[in-house]
Amino acid sequence: MQNPSASQMLSLTLYAFLIFFCSSAFSQNVVATSMSVPNIKGEIKIDGVLDESQWQLAQYFTLDYVVRPYENTAPPVVTQVRLFEDDSTLYVSFVAHDPNPDAINAFYRDRDKVWREDLVGFKLDTFNDSRLAYQFFVNAHGVQADSIQNEMTGRESDSWNAIWQSAGQITENGYQVEMAIPLRILSFKEGDEDKIWGAEFVRFYPREERLRISNYPTDRNNSCSLCQLKGVTGFKKAKQGQNLAVIPTMVLGRGRSRDPDESLDWDYTGNQEVGLDLAWSVTPEVTLQATLNPDFSQVEADVAQLSINNTNALFFGERRPFFLANADYFSTNYNLVYTRNINAPDFGIKVTGRNDQHTLGVFVANDESTSFVVPGNLQSSVAEVEQKSLNLALRYRYDFSNRLSVGVINTIRETDDYHNYVYGLDSKYQLTDSDTLRVQWVGSQTKYPIDLHEEFSDEVALRLEKEEPFSGTAFRINYRHNERDWHFRADHLRSDENFRADLGFFNRVDRNTSVLGGGYRWYKEGSWWNRFDVFGDWDISHNNNGELLEEEFEIFASIRGKWQSYIEVGVKSRDRAGLRQDSSNLTIDGNANLFKEQSASLFFDTRPSSTLSIAMFLSYGDQIDFQNNRLGKRLRINPRFNLNLGKHLQANLRHTYQDVDVNGIKLFKANLSDLRLTYQFDQRQFLRLIFVYSDIKRNLDNYLVDVEDIDSRRQGLGTQILYSYKVNPLTKFFLGYSSSGFQDDDIDTRRATEQSIFMKFSYAWLN
């Protein structure tokens, strides 16, 4: 098969656009209608006080089913819901009765940070095809949380942000909430007839247990949650405006950096940028986003990760709004679009939308430099080409019905001396309510700069050492059976040694993996526990020459119960290849030792009160000492504490402790702490302090390799102070200061290496 060029794939992109905009509609399966939404005119003030006459004429119902953790039982509290629309806005109110209002779990937080609190809200599938649903939730103080639920991927993403109104207040009988959702922020098919949308109305009631209370009973034998939404009908005259947002941005920054090992002199840099963001609903179904001269640096520091004794590239979640918006449109079985690979673009354009059974997502962005994961079967790393690149992703999906979907995906990364083209097909078929089959095939063509491999060693250098363009393929099939009492899964993944997906996060090639897993569930009501699970899996991986890379068996037991608790224990046995003895040879047999790792783990998570939540992960057992290619014993402890000090102040602490012994002698001990203190003044503004501290101690006498470039101790400290004011998700202001420094064997006192101060401002003009 001849691999397509960049121009051919761009032609394919244009062809997909043509199909998307010109295809005729096919009928869709719709959910049964259960209630109508009345059309009522009149002014409404969103203040959490339900004193307008429209609420008395609105559609009224109650939430009568606890669907989690119990199975469609009567709720202990009454929740009243009312809704109506006025052609341009959907209005929803909740009156959440509570026998003990003092126990209401609600705090002032930034938007999307209230998911574990007392919440009310609803899901809305405006295309009524069980593919995507908007979610709008509000806590008792009116703090908003919105997200997108994607039935295709089984994930929910709160990276989607919309502009809507809400207000809440705690009363002597509980709390009540008002919500106003402008219909122009939703995608739906316009027409002169009544529309039928899928909907579910929900209350989260966290006390000793976290109850999920719904307006209808759910079927646990049906693995498709959006297929069970009940219909609401109305919105006959609903129209979408252009929903145009023009957002100028300004960034001012000043920083300095140095390498204390070489010089104490500072190198100063400045950053003054004016940019422009644009969001426009081209049609009711299609949205265009564009950004010009953006500052795509992150506002808040990533959660710290410990990388010692690790042979793979680290994964960091995306935080930048342009890439987060409608990111689910690019999701497939493989992670082929990992936008953290794009570091500093001058421009970005994104088009996403749906037209009946057609779903399309396209984005194009350049980058000042080009970084990507170099995958292997035992190791992976990140390489960088100091050249500007063009980056493009295309995702198109056709839904034959609410059970069968077929999609294509293309990505392009291209510089003068480098390129990576990826093209693929995938499908999802809902065989029954409990059975799902997903299949994906992808191919690639890649060309590396001739001398790039010289910057690396071991397997990564060998994977890069290719003078001519090369091609490869990968394939994945997975089957899922999920019903009330038991579940089963079977997966097979294959990637040949020349497959690359450089716009994605793909860190394994030359690897064939098969997985079989499953579990059984027990439920109990009226006891200290409500669900008990036993589950596990077996997997085996070979390279394409049939040499064993890894074989693993693991089994776990978990229980959920009072105080919103979850406890999980597990044991694992794994035969695993260590690093190659001859790094110039990619073979495994006779070139890499096969180590047997056996370990046990414990995880628990509990929220005994609204003030405190605690989580802890502990594991102990064998682990390969990769630097010295031998087996050791590892202890890992990861506690996490969230403490609410009043309604406004929150402290979040994550810590990682890890030590490895070899032959009963300490090899290293590492500590990593991430502390974040946030004072939320109100719904719009907060002040956050971040402290990240690391301390790594090594016993160099227990190392077999040359330790000349290894420090026996290294400590680092990073700090950040951040002020944020948000009028809405698009109009916002940030002011921050950050610094970092370290000390090691050569520097006996901590010295700063980087310091910066920045201000970011954006203002949205909406139409």
Side-chain angles (χ1 to χ4, degrees), residues 305-315 375-381 458-460 489 491 493 507-519 534-543 546-558 568-583 586-603 616-638 656-670 672 696 698-699 702-705:
Q305 298 186 56
L306 197 62
S307 61
I308 189 172
N309 200 39
N310 179 45
T311 61
N312 292 302
L314 297 178
F315 180 91
N377 53 27
L378 298 181
Q379 296 174 273
S380 65
S381 188
D458 300 328
E459 180 182 358
V460 174
R489 67 187 180 102
D491 297 81
L493 302 83
N507 64 352
R508 285 287 187 262
V509 295
D510 189 17
R511 197 174 178 101
N512 296 278
T513 301
S514 298
V515 184
L516 293 175
V534 175
F535 55 97
D537 64 49
W538 166 85
D539 64 77
I540 190 168
S541 299
H542 295 85
N543 65 9
E547 298 171 308
L548 181 65
L549 300 171
E550 180 179 310
E551 184 175 12
E552 178 184 86
F553 174 77
E554 54 187 350
I555 187 167
F556 299 89
S558 68
E568 176 186 291
V569 295
V571 293
K572 178 188 298 184
S573 179
R574 175 168 59 185
D575 294 320
R576 182 184 185 189
L579 298 186
R580 295 172 176 85
Q581 298 165 10
D582 180 2
S583 61
L586 287 175
T587 60
I588 299 297
D589 292 348
N591 192 33
N593 294 326
L594 195 66
F595 296 98
K596 178 173 285 294
E597 297 177 323
Q598 295 181 317
S599 62
S601 64
L602 167 68
F603 174 76
M616 178 78 75
F617 175 78
L618 303 96
S619 67
Y620 178 76
D622 304 310
Q623 189 189 52
I624 299 173
D625 166 18
F626 287 106
Q627 196 152 19
N628 300 285
N629 205 24
R630 55 186 175 172
L631 195 64
K633 292 286 187 181
R634 183 188 73 164
L635 172 65
R636 185 180 180 98
I637 305 174
N638 297 96
T656 299
Y657 171 84
Q658 180 176 320
D659 72 45
V660 172
D661 295 345
V662 180
N663 299 322
I665 303 173
K666 189 72 67 184
L667 180 70
F668 69 80
K669 181 171 67 176
L672 178 66
I696 300 174
R698 293 179 170 92
N699 178 12
N702 200 14
Y703 277 68
L704 303 179
V705 297

Non-hydrogen atoms of [X] and [Y] that approach each other most closely:
X    : Y    : value
I588 : L378 : CD1-CD1, 3.8 Å
T513 : S541 : OG1-OG, 2.7 Å
D458 : S583 : OD1-CB, 3.4 Å
I696 : A670 : CG1-CB, 4.0 Å
S619 : R634 : OG-NH2, 3.5 Å
I624 : E597 : N-OE2, 2.9 Å

If you measure from the Lys or Arg side-chain nitrogens to the Asp or Glu carboxylate oxygens, is any gap between [X] and [Y] under 4.0 Å?
X    : Y    : answer
K633 : D622 : yes
R574 : E551 : no
K596 : D575 : yes
D659 : K666 : yes

Would you say the side-chain atoms of [X] pair up with the backbone N or O of [Y], donor to acceptor, closer than 3.5 Å?
X    : Y    : value
N591 : D582 : yes
N543 : G546 : yes
N629 : L579 : yes

Can you find a heavy atom in the side chain of [X] that is under 4.5 Å from one in the side chain of [Y]?
X    : Y    : answer
K572 : S599 : yes
I637 : Q658 : no
R698 : Y703 : yes
I555 : V571 : yes
F535 : E568 : yes
Y657 : L635 : yes
I665 : N699 : yes

**Study point:** Step-by-step side chain to side chain contact (heavy atoms under 4.5 Å, CB included) determination, L586 to E459
**Key:** CA-CA 7 Å; L586 287 175; E459 180 182 358; 3.9 Å; yes
Distance from [X] atom [atom1] to [Y] atom [atom2], nearest 0.5 Å?
X    : Y    : atom1 : atom2 : answer
L549 : I540 : CG    : CD1   : 9.5 Å
L704 : R630 : CG    : CZ    : 4.0 Å
N638 : R636 : CG    : CZ    : 4.5 Å
E552 : R576 : CD    : CZ    : 9.0 Å
H542 : D510 : NE2   : CG    : 12.5 Å
L667 : N702 : CG    : CG    : 5.5 Å

Check your understanding: For N593 and Q581, does a side-chain donor sit closer than 3.5 Å to a side-chain acceptor?
Key ->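 Side chains of N593 and Q581: pair found under 3.5 Å.
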Check your understanding: Could you walk me through whether F556 and S601 pass the side chain to side chain contact (heavy atoms under 4.5 Å, CB included) check?
Key -> CA-CA 9 Å; F556 299 89; S601 64; 3.9 Å; yes
Point to revise | D625/N628 under side-chain hydrogen bond (donor to acceptor under 3.5 Å, both in side chains): CA gap, chis, key distance, verdict | key: CA-CA 6 Å; D625 166 18; N628 300 285; 2.7 Å; yes
Exercise for review: Mind running salt bridge (Lys or Arg N to Asp or Glu O under 4.0 Å) on E550 and R511 for me, showing each step along the way?
Suggested key: CA-CA 10 Å; E550 180 179 310; R511 197 174 178 101; 3.5 Å; yes
